[in-house]
2 protein chains.
Amino acid sequence: MPKSHFPEIRELDLFQGMKEDHFLILMRGSYVQNFPPQIELISEGDPSDFLHIVLSGSVDLFSGWRGRETSMATVTPISTFILAATIKNAPYLMSARTLEKSRIALVPSENVRDVFEMDPLFAQAIVMELARCYRSVIKSTKNLKLRTSLERLANYLLRQQIRADNAAEFDLLIEKRRLASFLGMTPENLSRAFKSLRAYGVIVDGTRVQISDRSDLERFAKPCPLIDDQSI
Amino acid sequence: MPKSHFPEIRELDLFQGMKEDHFLILMRGSYVQNFPPQIELISEGDPSDFLHIVLSGSVDLFSGWRGRETSMATVTPISTFILAATIKNAPYLMSARTLEKSRIALVPSENVRDVFEMDPLFAQAIVMELARCYRSVIKSTKNLKLRTSLERLANYLLRQQIRADNAAEFDLLIEKRRLASFLGMTPENLSRAFKSLRAYGVIVDGTRVQISDRSDLERFAKPCPLIDDQSI
DNA sequence: GAACACGCTTGATATTTATCAGGCCTCCTA
DNA sequence: TAGGAGGCCTGATAAATATCAAGCGTGTTC
């Protein structure tokens, strides 16, 4: 497939530095598809046939066990998901569903493994990406084990404020029930947690969040780079 | 340093396939040191000067926040730790301390990054190792978010039984207070959890665990490969 | 516009988990 | 051998979190 069909994919950090003919091998048999919201793209346990790349929209990674379900992460453009399963040729550990209308590129896992073996710069880029993902999950585990649900919410809001260029007011990017699941709590508990944070200047109306005094909230949340900083 | 000083290191999966002269570059400035128990080898936040390799003994990886502390993993021979921080040249996300008398090899992080860029097979091995670590942390997060502490303990015991070649009786390899922290609970709660599992044939005496009927415990624990299987 | 679905909220209650305090036992040391 | 420290256990209590059951509001559909 000619790369002009989805040129944005070439911009991915993962594909920088790799030889053009290797990139073309990678793209062989790849395709882009538009999905409506709430479509399950992959199910945990399935063999990893394709590396997925979110070009637009967003995708929820989630897992289940015995009828319970939990949201693990949200993937936004432009990033890949299930890279580790692809490389290891192992079953997916998480399921994925579109949160909104999304455009997804699908690259045959076999291509990724083939090119990974022939292109050292691609292998290096994969190392960097996997190291980033690994550290991100470690931070998330620390967040879960070291903080109460109220502290997790407070720090989540502080991180979201940074994403929103430190605006005093911003919108939640995911619905509250999913946020609750992501933070490891029930929707009811999240609702009450928002109310508790009013004591630290957090005002919530629908998806709109206003942080009247960041330093006030920080005094409670005690954010810490080794948990909250996305860039290290 | 001649490799004969610690030949076992050459057997690491991570170093298979790499060129001998690259291995020698890696070992330049490396050394092995014996540590008594309870020595803090690295502290979270420190710059990643050395890749650590546990040759004998065992090492606890842990993290803290606001006076709280949690055990993240135990590293046993022969494995590396803090590979991701080394590769990214980023600060450690976890601290490490010896659990017992341990022999640790220290390889300058800079060497690792240098050789990683010149030896494609080394880069590939690092990819495999990071993918394994990433998936292992994902499983651990699923375990934490989807299961109660009692379920986590039950599944932990089932996994330990497999490690002990399915013996009906085996010893806990870490002390209970650390096991509690690893499982995300308090020592008191762990003690009560062991008592609760008596209903499913688990008998504990000191470090000795007896599982009288594995299938009985499995009916409660509902182990699942996508969380509990170490090899996928 | 009425009816409905759905997500969110709230209150009451139950369960899970943590904290605190005390006691037991073992191991180490003076 | 007598303390003493530390890990472990137990009971009582407190805090955190989940569950259950309404109700509210908004947006959609017919």
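In what follows, chains are A, B, ... by sequence order, proteins preceding strands, each numbered from 1. This is a predicted model, so every value here is computed, not measured.
Donor-acceptor pairing under 3.5 Å is recorded for the side chains of B/S71 and B/D60. Under 3.5 Å, the side chains of A/R214 and A/Q161 contain a donor-acceptor pair of N or O atoms.
Of all the heavy atoms in B/F182 and B/M72, the pair that sits closest is CE1-O, 3.3 Å. Closest of all the heavy-atom pairs between B/D171 and B/R208 is OD2-NH1, 2.9 Å.
At least one test fails for B/K139 against the ring of B/Y134: distance under 6.0 Å to the centre or angle within 45° of the axis. Cation-pi geometry between B/K176 and B/F194 is met: the NZ or CZ atom falls under 6.0 Å from the ring centre, inside 45° of the normal. A cation-pi arrangement is not found for A/R103 relative to A/F35, the charged atom failing to lie both closer than 6.0 Å to the ring centre and inside a 45° cone about the ring normal.
Separating the CG atom of A/L146 from the C1' atom of C/dA18 is a distance of 15 Å, rounded to the nearest angstrom. In this structure, NZ of A/K176 is placed 13 Å from P of C/dG7, rounded to the nearest angstrom. Look at CG on A/L172: it is 16 Å from P on C/dG7, rounded to the nearest Å. For the pair A/K195 NZ and C/dT10 C1', the computed distance is 6 Å after rounding to whole Å. Distance CZ (B/R177) to C1' (D/dC9): 14 Å, rounded to an integer number of Å. C/dC27 atom C1' lies 14 Å from atom CD of B/E175, rounded to whole Å. As a whole-Å value, the separation of A/Q38 CD from C/dC6 P is 12 Å. Taking atom CD of residue A/E151 and atom P of nucleotide D/dA15, one finds them 16 Å apart after rounding to whole Å.
Residue B/S191 places its side chain closer to D/dC9 than to any other of D/dC9, C/dG7, D/dG7.
Using a 30° and 60° split on the angle between ring planes, A/F81 and A/H52 fall in the tilted class, from 30° to 60°.
Near DNA chain D, meaning a heavy atom under 4.0 Å away, there are no residues from residues 63-71 of chain B.
Residues satisfying the side-chain hydrogen bond (donor to acceptor under 3.5 Å, both in side chains) test with A/R132, not counting sequence neighbours, are A/E129.
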Dump the pairs, protein N or O against N or O of nucleotides 16-26 of chain D, anything under 3.5 Å, distances to one decimal.
unit_1: D/dT17; atom_1: OP1; unit_2: A/S149; atom_2: N; d: 3.2
unit_1: D/dT17; atom_1: OP2; unit_2: A/S149; atom_2: OG; d: 2.8
unit_1: D/dA18; atom_1: OP2; unit_2: A/T186; atom_2: N; d: 3.2
unit_1: D/dA18; atom_1: OP2; unit_2: A/N189; atom_2: ND2; d: 3.1
unit_1: D/dT19; atom_1: O4; unit_2: A/R192; atom_2: NH2; d: 2.8
unit_1: D/dC20; atom_1: N4; unit_2: A/E188; atom_2: OE2; d: 3.1

